[in-house]
Amino acid sequence: MVFKTIICECGEIIRHCTFKDYIRTSANPSTPTIGHKKCGHVFNFIDDKMPRKYSSKKELKSLAMRFAEKNHLECAESERFLIEVDRLKSCGNRSDSDILISAFQKIVKNTI
């Protein structure tokens, strides 16, 4: 299962609230990309690759709850997901998206 998610620098999980834009990158003077409607951040996937956000434990848990709701996790799965997110956050210096995706993949793998 390939799961793509974008976490904006403002802390929102981006799925549908985007706009199209064209920016200058090292690959092309007019590269198509997307931006986040809520905060206006434009993503440069060519040069910057994926944005990496590092939140506090409290911020990450609220982000994880939104992530669980958007992915329709049941109550028991959400609990295991939050525990896994907390464990991964305590283990080292990983970005929010790395933690959320790893925890989600572990929960999905264990339920199959």
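The structure presented is a predicted model; accordingly, all values stated were derived computationally and were not measured. Nothing fancy with the numbering, it's 1 onward along the sequence.
Every residue was checked against the salt bridge (Lys or Arg N to Asp or Glu O under 4.0 Å) condition with Lys58, not counting sequence neighbours, and none meets it. With sequence neighbours excluded, no residue forms a salt bridge (Lys or Arg N to Asp or Glu O under 4.0 Å) with Arg24. Applying the side-chain hydrogen bond (donor to acceptor under 3.5 Å, both in side chains) criterion to Ser90, with sequence neighbours excluded, gives Lys57. Here Thr25 pairs with Thr31 under the side-chain hydrogen bond (donor to acceptor under 3.5 Å, both in side chains) rule; sequence neighbours left out. Under the rule for a side-chain hydrogen bond (donor to acceptor under 3.5 Å, both in side chains), Lys61 has no partner lying at least two apart in sequence or in another chain. With sequence neighbours excluded, the residues that form a side chain to side chain contact (heavy atoms under 4.5 Å, CB included) with Glu59 are Ser55, Ser56. The side chain to side chain contact (heavy atoms under 4.5 Å, CB included) check on Ala76 picks up Arg80, with sequence neighbours excluded. Partners of Thr33 by side chain to side chain contact (heavy atoms under 4.5 Å, CB included), not counting sequence neighbours, listed by chain and number: Asp21, Ile23, Val42, Phe43, Phe45. Residues forming a salt bridge (Lys or Arg N to Asp or Glu O under 4.0 Å) with Lys37 (at least two apart in sequence, or on another chain): none.
Surrounding OH of Tyr22 are at most 12 heavy atoms belonging to other residues, nucleotides or ligands under 6.0 Å away.
Electrostatic pairing of Glu84 and Arg87 counts as a salt bridge here, judged by a charged N lying under 4.0 Å from a carboxylate O.
Here Leu82 sits in one hydrophobic cluster together with Met65; the rule is ILVMFWY side chains under 4.5 Å apart, joined directly or through other members.
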